[in-house]
Amino acid sequence: MARFSLCPLPTVSVRALATASKNPFKKKPKTKRSKRFLESRAPKLTEDVKSAMIMKGGNTSQTITQALKDIYSLKKPNAVLYKKKNITRPFEDSTSLEFFSKKTDCSLFLFGSHNKKRPNNLIFGRMFDFHVLDMIELGIEKFTSLSDIKVSKCPEGTKPMLVFAGEAFDTDNEYKRLKSVLIDFFRGPTVSAVRLAGLEHVIHFTALDGKIFMRSYRCLLKKSGCRTPRIELEEIGPSFDFVLRRTHLASDDLYKTAHRQPKALKPKKKKNISHDVFGTKFGRVHMQKQDLSKLHTRKMKGLRKRRGEVVAEEEGQAPKLAKVES
């Protein structure tokens with residue numbers, strides 16, 4: 001939903017916290033259909049899969065039009081494709097984007113445009129509380145469409161595996177935020193388990209020499225002579241060579257607010273349980289003080305008392321043991 005923007009953790013928006021109490025000025029639904037609609041748009045503890053709206057600007061090229069269609073094919077069914085042109089400039093005025101986000105309940109957007117100053121331009125962005133949180137502008141330098149590669153494709157709605165290679169994704173602040181936006185955009189639904197045959201789509205991003213290379217592969221499971229199959233990657237498209245242009249990043253406070261979690265979803269801390277760096281679980285057990293006088297030890301033959309009496313000698317001399325009768 002548009003109110004919840006960041007994927008790595010379940011989040012709750014400011015609106016969800018502010019509207020928790022009853023609002024006397026809030027309109028009540030008059031029909032059951034409108035009631036169901038408002039309940040679907042209301043904030044939830046566990047949000048639905050994030051949808052994306054894909055639109056093109058007033059001036060576009062054939063490359064941008066085909067690129068938007070191919071990305072829409074990867075994102076389906078959690079995407080809305082606008083075929084009409086929208087004369088807007090997101091970096092100057094994001095009002096229209098926020099309007100469409102509220103109308104379609106989409107928290108992600110992709111905007112394509114083309115002009116002389118910035119040819120073949122794509123803007124990846126996400127919303128928080130129906131307002132723009134992050135926007136990153138990428139220019140297409142090289143593009144290969146899905147239709148240009150004549151191989152079998154992955155089924156619609158396949159959850160992809162995302163791979164990020166390059167030191168810039170871990171060191172540069174803009175590339176870190178770009179990585180987070182791309183994960184939000186392409187990650188797909190959250191699932192509890194995945195079968196081996198379902199791991200068939202790989203989207204690979206590489207940051208090298210100021211460029212971002214995006215490639216899409218299909219995993220082929222080949223016979224290997226053992227239980228574990230041999231993996232081969234076959235490129236299915238689309239493939240992009242991006243260059244980073246303008247960015248509009250949220251402040252640290254707003255970014256932290258977007259990561260907020262409701263108390264109901266926070267894991268309860270368990271006492272006397274800890275984990276090490278390898279994930280090993282350790283427990284501490286508290287016991288009462290033991291009475292060692294009643295402790296039963298192992299009986300050994302050498303410690304058994306012998307028969308006979310001890311003959312006391314004179315004072316100052318050690319006692320002498322008496323002879324034991326056989």
Side-chain angles (χ1 to χ4, degrees), residues 2 5-8 48-56 60-83 100-101 104-113 120-127 134-165 169 178-191 194-195 197-207 211-220 233-244:
S5 57
L6 302 183
C7 279
D48 302 328
V49 181
K50 295 182 181 181
S51 300
M53 54 182 183
I54 301 175
M55 59 180 63
K56 53 185 178 180
T60 56
S61 61
Q62 181 62 28
T63 301
I64 287 295
T65 303
Q66 188 61 40
L68 294 178
K69 290 181 180 179
D70 289 354
I71 295 177
Y72 172 68
S73 300
L74 298 179
K75 186 64 180 172
K76 285 193 302 186
N78 303 312
V80 178
L81 178 63
Y82 289 96
K83 296 183 179 180
F100 285 112
S101 173
T104 58
D105 196 25
C106 293
S107 60
L108 305 168
F109 68 89
L110 175 62
F111 184 85
S113 62
N120 299 327
N121 209 39
L122 288 179
I123 301 176
F124 288 87
R126 54 186 172 187
M127 299 285 185
D134 292 326
M135 282 191 299
I136 298 178
E137 189 177 69
L138 301 176
I140 301 177
E141 291 191 344
K142 187 179 178 181
F143 169 62
T144 304
S145 176
L146 274 168
S147 57
D148 295 338
I149 303 176
K150 306 295 183 181
V151 294
S152 57
K153 313 298 180 183
C154 295
E156 178 184 325
T158 303
K159 183 178 175 64
M161 296 178 285
L162 304 179
V163 182
F164 291 85
F169 285 123
L178 173 62
K179 178 182 177 180
S180 177
V181 172
L182 293 175
I183 290 175
D184 256 4
F185 200 90
F186 290 105
R187 67 177 298 174
T190 303
V191 295
V194 180
R195 63 189 182 97
L199 301 174
E200 56 179 335
H201 189 200
V202 178
I203 301 179
H204 193 281
F205 298 93
T206 305
K211 296 183 180 180
I212 299 100
F213 303 94
M214 175 182 169
R215 299 292 184 267
S216 181
Y217 301 99
R218 180 169 176 245
C219 292
L220 302 178
L233 296 180
E234 181 184 39
E235 188 172 359
I236 60 174
S239 66
F240 294 91
D241 290 356
F242 291 121
V243 59
L244 186 63

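Within the model, atoms OG1 of Thr190 and NZ of Lys159 stand 5.5 Å from one another, a figure rounded to the nearest 0.5 Å. From Phe109, atom CZ reaches atom CZ of Arg126 across 10.5 Å, with rounding to the nearest 0.5 Å. Put simply, CZ on Phe240 and OG1 on Thr144 are 9.0 Å apart, with the number rounded to the nearest 0.5 Å. Taking CG of Leu146 as the reference point, atom CG of Asp70 lies at 4.0 Å (rounded to 0.5 Å). To the nearest 0.5 Å, atoms CG (Leu81) and CE (Met55) are separated by 10.0 Å. Annotation: the span from Leu162 atom CG to Arg187 atom CZ amounts to 8.5 Å, rounded to 0.5 Å.
Ile71 has its side chain within reach of Leu110: a pair of non-hydrogen atoms, C-beta onward, lies under 4.5 Å apart. Put simply, the side chain of Gln66 reaches to within 4.5 Å of the side chain of Phe143, judged on heavy atoms. Side-chain contact check for Leu233 versus Cys219: some heavy-atom pair is nearer than 4.5 Å. Put simply, the side chain of Val151 does not reach to within 4.5 Å of the side chain of Arg218, judged on heavy atoms. Within the 4.5 Å cutoff, no side-chain heavy atoms of Phe213 are placed close to those of His204. Looking only at side-chain heavy atoms (C-beta outward), Leu244 and Leu138 come within less than 4.5 Å of each other. Counting only heavy atoms from C-beta outward, the side chains of Ile136 and Leu182 never approach each other to under 4.5 Å. No side-chain heavy atom of Lys211 sits less than 4.5 Å from a side-chain heavy atom of Lys142.
Across all their heavy atoms, Ala67 and Ile140 have their closest contact at CB-CD1, 4.1 Å. Here the closest heavy-atom approach between residue Ser101 and residue Cys106 is recorded as OG-O, 2.6 Å. Counting all heavy atoms, side chain and backbone alike, Thr158 lies closest to Gly198 at CG2-O, 4.1 Å. Nearest heavy-atom pair across Gly112 and Thr60 is O-CG2, 3.8 Å. Between Cys154 and Ile236, the shortest heavy-atom contact is SG-CD1, 3.9 Å.
In this pair, Phe124 and Phe186 present their aromatic rings tilted. The plane angle is within the 30 to 60° band.
A salt bridge links Asp241 with Arg215: at least one charged nitrogen is closer than 4.0 Å to a carboxylate oxygen.
Aromatic pair Phe100/Tyr82: centroids less than 6.0 angstrom apart.
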CA sep, side-chain torsions, deciding dist, call: Ser51, Thr104, side chain to side chain contact (heavy atoms under 4.5 Å, CB included): CA-CA 9 Å; Ser51 300; Thr104 58; over 6 Å; no

Begin from the C-alpha positions of Phe242 and Leu122 and carry the test side chain to side chain contact (heavy atoms under 4.5 Å, CB included) through to its verdict. CA-CA 9 Å; Phe242 291 121; Leu122 288 179; 3.9 Å; yes

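With sequence neighbours excluded, the residues forming a side chain to side chain donor-acceptor pair (under 3.5 Å) with Ser216 are His201, listed by chain and number.
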Atom pairs and distances, side-chain donor-acceptor, residues 72-80, under 3.5 Å, sequence neighbours left out:
unit_1: Ser73; atom_1: OG; unit_2: Lys69; atom_2: O; d: 3.0
unit_1: Lys75; atom_1: NZ; unit_2: Phe185; atom_2: O; d: 2.6

